[in-house]
Asker: 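Attaching a single structure in structure tokens format; questions to follow.
When reading the values below, keep in mind they use all heavy atoms of this one structure, side chains included, and skip hydrogens, waters and symmetry mates. Bear in mind the structure is a predicted one, so any value in this text is a computation, not a measurement. Each chain gets a letter, A, B and so on, in the order its sequence line appears, and its residues count up from 1.
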Amino acid sequence: MIRVRYAPSPTGSPHVGNIRTALFNYLLAKRYSGTFVVRIEDTDQTRKVPGALEDILDSLRWLGIEWDEGPERGGSHGPYFQSERLEIYRRHVDILLAAKRAYKCFCTPEELTEMREYQRINNLPTGYDRRCRFRSDDEVEALEASGKPYVVRLAMPLEGEIEFQDAIRGRVAFESRLLDDQVLLKSDGWPTYHLANVVDDYLQGITHVIRGDEWINSTPKHVVLYNSFGWNMPIFAHAPIIKGPDGAKLSKRHGDTRCLDYREKGFLSEAVANFIALIGWSPGDERELMTMSEMAEAFSVEGIQPNPGVFDITKLLWMNGHYIRSKSPEDLFDTVVSWHTSTTDEEYRGSEGCAALTAAIQSLPQEYVTEAFRLEQERVKLLSEFAEACRFFFVDEPEMDPQGVAKWFGQPYVGALLEKLEAEVAGRSTISAEDAEKIIDGVVVSLGLEKRAQAIHPTRVALTGKTFGPSLFELMALLGPERILLRLRRAAQFVPAAS
RNA sequence: GCCCCGGUCGUCUAGCGGUUAGGACAUCGCCCUUUCACGGCGAAGGUCGCGGGUUCGAAUCCCGUCCGGGGUACCA
């Protein structure tokens with residue numbers, strides 16, 4: 001039975017690279033019907049950020065990454081907050097101390113800074129020089145009795161190599177003498193990540209650790225820790241980082257990197273999950289569009305690539321469009337409306353489209369709004385685009401595109417066209433798409449036009465103000481006679497007097 | 001500086017000793033069509049970072065080198 005974990009620290013809102021690590025772990029658990037646990041690594045109280053925990057859980061929930069054990073859910077291996085496990089770490093530090101696999105270090109931060117400075121200047125490998133490691137028991141006791149604060153450090157092997165098998169990269173080896181004696185317990189009595197992570201992974205029965213590449217350098221310290229306790233190690237897999245377009249690790253500088261930003265911008269969770277999984281992982285065949293369960297079925301650690309990938313927003317956009325197109329009208333309505341009412345995106349909130357949609361939802365029949373969404377569905381790449389794309393359906397006087405007017409309303413027949421259409425539409429209670437087509441064709445004949453496109457384009461501009469959009473006939477069917485009449489009359493004002 | 005990881009079209013990737021180096025996004029063209037989009041078809045785009053080996057044969061194995069990234073905390 002495999003057990004994996006996602007162990008974020010609540011120091012900020014998780015970004016997409018971080019959340020992808022959670023996804024990989026989750027997929028592995030799903031693949032083998034294992035257990036996915038979420039553990040909060042809050043051992044650095046000074047870096048705790050309010051709201052971060054909520055954002056972590058929110059990000060997971062949004063993407064559909066459900067955890068079997070962890071915050072809000074509990075489980076048999078709790079507590080799932082490291083801040084509630086302090087006693088456990090202390091107990092384990094004592095074990096290490098008693099076995100001489102760790103020691104107390106009384107060096108002050110100032111001394112350490114000075115030491116590193118010296119090392120840097122002399123081009124020596126930086127690291128703790130172990131000056132406290134060989135103190136006698138009496139000496140340590142005296143120092144401790146004097147009330148001098150201390151940390152506990154791991155006694156690393158002085159020579160030889162430390163190696164481990166990485167499931168993605170194969171054998172990774174480090175020279176022991178280059179590794180320093182990592183702090184395990186800080187002077188405030190709290191553990192560092194290194195200690196807490198190893199103790200918890202062991203106690204919580206974690207079998208596979210998929211984590212970011214940035215951990216690969218501290219893995220030998222973890223290996224020594226496992227050995228010092230006499231524990232078996234989990235399988236390590238270090239996933240590559242996600243880079244920004246400039247090749248550097250994805251960060252705030254690259255704009256939106258917060259996972260939840262994508263939700264606010266109008267991305268669908270299924271698109272984001274699908275897309276980020278594909279940075280660094282592939283099912284081994286040529287599939288790209290995959291649901292969560294399809295990905296889980298195809299997932300393997302071996303399918304993770306060792307080299308970092310660039311986050312290509314263009315491809316995400318394409319994928320988002322795909323998932324928008326795949327929605328049923330009902331689902332689409334629910335999705336767009338609930339996104340619209342909850343998004344915090346300021347640019348969207350302040351847009352005219354947003355205001356028009358809000359009004360439409362309140363005053364127009366749901367069927368009307370649903371149909372408007374359906375007609376724009378294949379053109380839209382973001383949820384946030386529906387409001388603007390559908391605006392002409394919702395407002396009485398859509399903006400007239402000057403270029404569209406210039407291009408089509410200069411035709412000598414346009415005045416007559418609009419009049420004839422008005423005459424045809426007047427008196428009807430409804431118009432179907434078929435009716436609309438017959439009306440247009442009839443007008444084409446009576447005006448002696450060569451192609452119906454000559455009638456269609458000006459009519460589109462008259463009714464929507466735009467030169468592009470859904471099928472004119474379908475759009476007329478949705479608008480209905482009353483709106484069409486109003487718009488036809490208004491459009492007449494834009495026709496140059498000469499015609 | 002030192003250590004570690006990585007390097008296949010612009011981007012995401014398949015590939016794991018013998019392939020015309022395949023797919024996807026983006027780009028361009030054609031088709032469909034009332035426009036835009038969707039969809040379909042096609043094109044262009046890769047000296048597999050570079051240089052040496054090993055081998056009958058190397059994107060695939062080895063060494064070197066260059067470039068990029070990551071780590072070098074009483075942060076995770």
Asker: Provide the distance between the two C1' atoms, one in B/rG23 and one in B/rG42, to the nearest whole Å.
Answerer: 16 Å
Asker: Might you point out which heavy atoms bring A/Val414 and A/Val495 nearest each other, and give the distance in Å?
Answerer: CG1-CG2, 3.9 Å
Asker: Evaluate the ring planes of A/Phe174 and A/Phe164, with Trp represented by its six-membered ring, and classify them as parallel (under 30°), tilted (30 to 60°) or perpendicular (over 60°).
Answerer: parallel
Asker: Passes salt bridge (Lys or Arg N to Asp or Glu O under 4.0 Å), A/Glu161 versus A/Arg177? Steps please.
Answerer: CA-CA 8 Å; A/Glu161 271 197 335; A/Arg177 63 181 183 85; over 6 Å; no
Asker: Looking at B/rU27, which nucleotide sits across from it as a Watson-Crick or G-U wobble partner, both distances under 3.5 angstrom, or is there none?
Answerer: B/rA43
Asker: Send over the distance from A/Glu110 CD to B/rC74 P, rounded to a whole Å.
Answerer: 12 Å
Asker: Please give, in whole Å, the distance from B/rG15 P to A/Trp281 CH2?
Answerer: 12 Å
Asker: Work out how far the P atom of B/rA14 is from that of B/rU60, and round it to whole angstrom.
Answerer: 16 Å
Asker: What interatomic distance, in whole Å, is found between C1' of B/rC12 and the corresponding atom of B/rA58?
Answerer: 25 Å
Asker: From the set B/rA24, B/rU35, B/rA76, return the single nucleotide nearest to any side-chain atom of A/Glu41.
Answerer: B/rA76
Asker: Ring centroids only, cut at 6.0 angstrom: are A/Tyr150 and A/Phe106 within range, meaning strictly under it?
Answerer: yes
Asker: Would you mind classifying the nucleic acid contact of A/Pro245 as base, sugar-phosphate or nothing, using non-hydrogen atoms under 4.0 angstrom?
Answerer: nothing
Asker: Between atom CG in A/Asn197 and atom P in B/rA76, what is the gap in whole Å?
Answerer: 10 Å
Asker: Give the nucleotide from the list B/rA76, B/rU34, B/rC5 with an atom nearest to the side chain of A/Ala453.
Answerer: B/rU34
Asker: Identify whether any heavy atom of A/Gly469 sits under 4.0 Å from a base atom; if not, whether one sits that close to sugar-phosphate; answer base, sugar-phosphate or nothing.
Answerer: base
Asker: Can you check the A/Ile216 CD1 to B/rG71 C1' distance for me, whole Å?
Answerer: 10 Å
Asker: By the 4.0 Å heavy-atom rule, please label A/Ala173 as base, sugar-phosphate, or nothing.
Answerer: sugar-phosphate
Asker: Determine the contact category for A/Pro306: base if any of its heavy atoms lies under 4.0 Å from a base atom, sugar-phosphate if only primed atoms, P, OP1 or OP2 are that close, otherwise nothing.
Answerer: sugar-phosphate
Asker: At less than 3.5 Å, do the side-chain atoms of A/Arg452 and the base atoms of B/rU34 form a donor-acceptor pair?
Answerer: no
Asker: Could you tell me if the ring centre of A/His208 sits under 6.0 Å from that of A/Phe24?
Answerer: no
Asker: Mind checking if A/Val310 touches a base, just sugar-phosphate, or nothing, with heavy atoms under 4.0 Å?
Answerer: sugar-phosphate
Asker: Whole Å only: how far is the CD atom of A/Gln454 from the C1' atom of B/rU35?
Answerer: 14 Å
Asker: If you assign each of A/Thr11 and A/Thr314 to its closest nucleotide in RNA chain B, which residue comes earlier from the 5' end?
Answerer: A/Thr314
Asker: State yes or no: are the ring centers of A/Tyr323 and A/Phe267 separated by less than 6.0 Å?
Answerer: no
Asker: Any donor-acceptor pair under 3.5 Å joining the side chain of A/Thr192 to the base of B/rC74?
Answerer: no
Asker: Let's see if you can work this out: which of B/rA37, B/rC74, B/rA24 has an atom nearest to the side-chain heavy atoms of A/Glu378?
Answerer: B/rA37
Asker: Any donor-acceptor pair, under 3.5 Å, between the side chain of A/Arg325 and the base of B/rC38, if you only look at N and O atoms?
Answerer: no
Asker: With A/Lys381 as reference, evaluate A/Asn320, A/Ile324, A/Leu317 under the side chain to side chain contact (heavy atoms under 4.5 Å, CB included) test and give the passing residue.
Answerer: A/Leu317
Asker: Using only heavy-atom distances, decide whether a donor-acceptor pair under 3.5 angstrom links the side-chain of A/Gln119 to the base of B/rG1.
Answerer: no
Asker: Okay, side chain of A/Asp180, backbone of A/Gly127: is any donor-acceptor separation there less than 3.5 Å?
Answerer: no
Asker: Determine the contact category for A/Gly280: base if any of its heavy atoms lies under 4.0 Å from a base atom, sugar-phosphate if only primed atoms, P, OP1 or OP2 are that close, otherwise nothing.
Answerer: sugar-phosphate
Asker: Determine the interatomic distance between P on B/rC38 and the same-named atom on B/rU27; round to the nearest Å.
Answerer: 9 Å
Asker: Quantified in whole Å, what is the P atom distance between nucleotide B/rC25 and nucleotide B/rG71?
Answerer: 34 Å
Asker: With sugar-phosphate meaning primed atoms plus P, OP1 and OP2, does A/Arg287 contact a base, only sugar-phosphate, or nothing at under 4.0 Å between heavy atoms?
Answerer: nothing
Asker: Using a distance-only criterion (donor-acceptor N/O pair, under 3.5 Å, no hydrogens), is the base of B/rU34 paired with the side chain of A/Ser471?
Answerer: yes
Asker: Regarding A/Trp190, tell me which of base, sugar-phosphate or nothing describes its non-hydrogen contacts under 4.0 Å with the strands shown.
Answerer: nothing
Asker: Assuming nearest nucleotide by heavy-atom distance, tell me which of A/Phe275 and A/Tyr150 is located more 5' along RNA chain B.
Answerer: A/Phe275
Asker: Which nucleotide in the list B/rU13, B/rG6, B/rA24 gets nearest to the side chain of A/Ser282?
Answerer: B/rU13
Asker: Say you pick atom C1' in B/rA21 and the same atom in B/rG68; how far apart are they, in whole Å?
Answerer: 24 Å
Asker: Considering Watson-Crick and G-U wobble pairs with both distances under 3.5 Å, what does B/rC38 pair with?
Answerer: none
Asker: Can you tell which of B/rC5, B/rU35, B/rG70 lies closest to the side chain of A/Ile241?
Answerer: B/rG70
Asker: Taking any heavy-atom pair under 4.0 Å as a contact, classify A/Arg47: base, sugar-phosphate, or nothing.
Answerer: base
Asker: Measure the distance from CG on A/Leu472 to P on B/rA37 and round it to the nearest whole Å.
Answerer: 18 Å
Asker: From the set B/rC75, B/rA24, B/rU34, return the single nucleotide nearest to any side-chain atom of A/Lys186.
Answerer: B/rC75
Asker: Would you kindly give the CD1-to-C1' distance between A/Ile440 and B/rU35, to the nearest whole Å?
Answerer: 13 Å
Asker: Please report, rounded to the nearest Å, how far the C1' atom of B/rC36 is from the CZ atom of A/Phe468.
Answerer: 7 Å
Asker: Heavy atoms only, 4.0 Å cut-off, all strands: where does A/Val172 land among base, sugar-phosphate and nothing?
Answerer: sugar-phosphate
Asker: Under 3.5 Å, is there an N or O donor on one side and an acceptor on the other linking the side chain of A/Asn217 and the base of B/rG70?
Answerer: yes
Asker: B/rG71, B/rG23, B/rG10: which one has an atom nearest the side-chain heavy atoms of A/Glu288?
Answerer: B/rG23
